[in-house]
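Below is one structure, written out as C-alpha cells; comments come after it.
Proteins come first, then strands; the chains are lettered A, B, ... in the order of their sequence lines, and each starts at number 1.
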Amino acid sequence: MAGRQAVKAYLDLVSQACRAVLIFLKDNKIPHTVENIALRKAQQKTPEFAKLNPMQKLPVLEDNGFVLTESDAILKYLAIAYNVPDHWYPKMPEKRARVDEYTAWNHANMRTHISSIFLHEVLLPRMGQPANPEKLKKVLADLDGTLDKLENVFLKNQAFLCGDDISLADLLAVCELMQPLCSGRDILKDRPKLLSWRSQVQSALSDSFEEAHSVVYQIREKFTAKLSPCSNQDTL
Amino acid sequence: MSLEIYLDLFSQPCRSVYIFAKKNNIQFDYKKISLFEGYQYSEEYGKINLLRKAPAIKDGDFFLAESVAIMLYLAEKFHTPDHWYPADLQKRARVNEYLSWQHSAIRIHGSKMLWFKLLIPKALGVEIPKEKMDNAVEDLNASLNLFEEKFLQDRPFVVGDQISLADLVAIVEIMQPVGAGMDVFENRPKLKAWKDRVRAEIGAELFDEAHQAILYAQEAVKTMDPKKMEHFKPKILRYFLS
C-alpha cells in the first residue's frame, strides 16, 4: 500500500449511506479526503457529477482512479482493500453470509421505509408540499413490521446483528435508524432491546459516530424550532 | 443431501439461485414452494426463514435467506469458477455495485410490471390507473437505460468478458416483465444481444427450464383461483396502489 494516495469520498452527511461510509473510513483510520456534495442544492445533478456517477447518487468512492458507487459495495471493498479487523466483514463463509444477508435485506426493508419517512416529514414540507398523514401512517406501520424483523430475526439475543461483534450490518442499520431523528422522531423509543443495541453500536463507534451524525442533530434542531418557535424544549 | 434450497421459480431471485446451483453442478434437495398459495406464511416455513420470503437455504444447521447472500455463500463453499464472483478486488466491487443497485431499481420496476400488467388486473380484478401505469413503464425504462449505459456499456457482460452474478441477477429480473407480455428487448438491440449471450453462457436448456413458469404466466393466470389470492389482495393493493 506504500505510495498509495488517500481515497476520495463524495458525501452528503444527510444521507444514511454516506454516514456509514464516513464512519467506516474514520473508525478504521483509512486515509481519505471528503468532497461534500449538497443534495439540497441538487449538486448531484450537475453534468460534472453525472460524469463521475451517471446514477446521480451518493456516496461515491474514488480510489486512485477507480470509481465505485453503492455503499454496500464501497464498504465491502474498503474492508478487504484496507485489511480492517475481521469482525467488520468476516472471512468465514457462514459469518460473512450473515452480513451479506443483512446488506441485501436492508435495501427494500429499512432503507425504503426510512427514506419515505424523511420524504414525508422533512423534504416535502421543505418544498412547501402538503402533508399526507394517511401515507405517513402507512409507512410507519410498514417500518414497525421491519423493526420487528430486525429485532426478532437479526438481533435476537445477540449483542450485534450478525453475532457477538459489530459488523457492516450494524453500521448500515444504525445510520438508517438515526435518520428519523431529523424530524424529532425516535422510532426505537418503545423498543428497549433495539435501544440497547443502538447504544452498544454508538459506544463502539464513539467519535466517528457523533461527527457523522452532527448534520442529523442540526436538522433536528431546525425542525423542532420550526414546530414550536416559542419553546426551547427538544421534542426528543 | 444436506443442502436444501427452497424455491418458487415464479420469483426472480429464486431463478438466479436455481440457475447458479444447477450450472455449477451443486447437489441440492429442491424444495418447491408456492408463494401464491401463501406457503411462506406457514409455520413449517417459519422454521426455515422467518423473513418469510424465497429463496432460502438450509445447509445442515445453517439457514440463509436473500438470493445475493445465498449465491455468494454457495460460490465460496463450492469453489465455483472465479468469473461468477471474481477474487480481483475491483472486479468484485463492480459485481457488488450491481447487486446493490438493482434492489431499488430493476427489481422494483420489473416486478411492478408483472403485478400491474398481469396479476392485479387478471387475478385480483382491479384496473391500474393510467398515470400509475405510465409512471411504472417510465421507471422501468429509466432503469434499463442505466443498465445499458452504466453497467453494460460496450462490454459483452457487466464486468467484462465473462458472465458473473451481476449478469445472472440482471437477466432473471429483466425476464419478469417479459412474463407479463412486455417485450423489453424491442428497440433495445444491445440489451437483446446481451440477453442472448447470457442465455448461451448459462445454457439455453437450463435458462429456458428456469423461465418456464414465468413465461407461462399469462396462461397460468387464466386458471388461477381468485379465492387463493384473496388473502394477498388488501396487502397488494395497499403496497402498489396507495
Side-chain angles (χ1 to χ4, degrees), chain A residues 17 50 53-57 60-61 63-82 91-109 111-112 115 132 134-135 137-139 141-142 145-146 148-150 152-154 156 169 172, chain B residues 13 46 49-53 56-57 59-79 85 87-105 107-108 111 142-143 145-151 153 166 169 235 238-239 241-242:
Chain A
N53 181 16
M55 264 83 75
Q56 300 180 358
K57 288 204 169 151
V60 177
L61 185 84
D63 183 2
N64 295 276
F66 175 63
V67 178
L68 187 61
T69 69
E70 294 293 320
S71 57
D72 296 359
I74 291 170
L75 291 169
K76 291 174 186 181
Y77 173 78
L78 290 172
I80 298 168
Y82 287 86
K91 288 196 183 63
M92 197 176 124
E94 282 82 3
K95 286 190 168 177
R96 178 166 286 198
R98 289 265 84 85
V99 180
D100 288 330
E101 185 185 53
Y102 181 79
T103 60
W105 182 81
N106 185 58
H107 288 275
N109 295 278
R111 179 156 304 164
T112 300
S115 298
N132 188 337
E134 274 308 304
K135 228 174 184 167
K137 201 167 144 197
K138 170 187 169 296
V139 173
D142 288 340
T146 294
D148 284 342
K149 294 208 164 81
L150 188 72
N152 303 320
V153 183
F154 288 97
K156 298 178 292 210
L172 286 165
Chain B
N49 179 20
L50 278 170
L51 293 170
R52 306 245 175 233
K53 295 259 166 94
I57 66 168
D59 187 13
D61 288 330
F62 180 68
F63 296 79
L64 188 64
E66 290 293 330
S67 62
V68 167
I70 290 169
M71 288 186 292
L72 299 192
Y73 171 77
L74 293 177
E76 176 69 37
K77 177 155 181 177
F78 291 91
H79 307 295
Y85 194 53
D88 175 83
L89 200 53
Q90 292 189 357
K91 281 192 175 163
R92 178 168 286 204
R94 285 275 165 256
V95 177
N96 283 336
E97 190 183 43
Y98 182 75
L99 295 178
S100 175
W101 175 79
Q102 57 91 27
H103 284 282
S104 335
R107 156 73 56 89
I108 294 193
S111 197
S143 282
N145 290 342
L146 273 172
F147 178 74
E148 287 191 79
E149 288 158 22
K150 143 83 189 179
F151 289 100
Q153 292 177 26
V169 167
K235 194 174 177 183
R238 215 179 71 144
Y239 178 72
L241 295 180
S242 60

Side chain, backbone, both or neither: which part of A:Ala108 has a non-hydrogen atom closer than 4.5 Å to chain B?
-> neither
For A:Tyr102, is it the side chain, the backbone, both or neither that has a heavy atom under 4.5 Å from a heavy atom of chain B?
-> neither
Anything in residues 69-76 of chain B with a heavy-atom distance to chain A below 4.5 Å? Please list those residues in order.
-> B:Ala69, B:Leu72, B:Tyr73, B:Glu76
Non-hydrogen side-chain atoms of B:Leu146 and A:Met55 separated by less than 4.5 Å = yes
Side chain proximity check, A:His107 to B:Ser104, heavy atoms < 4.5 angstrom = yes
How many angstroms lie between atom [atom1] of [X] and atom [atom2] of [Y], to the nearest 0.5 angstrom?
X: A:Glu70; Y: B:Leu99; atom1: CD; atom2: CG; answer: 10.0 Å
X: A:Ile80; Y: B:Arg92; atom1: CD1; atom2: CZ; answer: 6.0 Å
X: B:Glu66; Y: A:Asp100; atom1: CD; atom2: CG; answer: 10.0 Å
X: B:Lys150; Y: A:Asn53; atom1: NZ; atom2: CG; answer: 6.0 Å
X: A:Lys149; Y: B:Leu51; atom1: NZ; atom2: CG; answer: 6.5 Å

Would you mind checking which part of B:Arg107 comes under 4.5 Å of any heavy atom in chain A, side chain (CB onward), backbone (N, CA, C, O), both or neither?
-> neither
The interface call for B:Phe151 against chain A, heavy-atom contacts under 4.5 Å, is side chain
Closest heavy-atom pair and its distance - A:Arg98, B:Phe62 = NH1-CE1, 3.2 Å
Specify the closest pair of heavy atoms between B:Arg94 and A:Val67, including all atoms of both residues, with the distance to one decimal.
-> NH2-O, 2.7 Å
With chain A, the option among B:Asn96, B:Asn49, B:Val68, B:Leu64 that has the most non-hydrogen atom pairs under 4.5 Å is B:Leu64
A:Glu134, CD atom: more than 12 neighbouring heavy atoms under 6.0 Å = no
Would you find a donor on one side and an acceptor on the other, under 3.5 Å apart, between the side chain of A:Glu101 and the backbone of B:Ala65?
-> yes
Among A:Asp72, A:Val153, A:Thr69, who wins on heavy-atom pairs under 4.5 Å with chain B?
-> A:Thr69
Quick one: salt bridge (charged side-chain N to carboxylate O under 4.0 Å, His left out) partners of A:Arg96, sequence neighbours excluded?
-> none
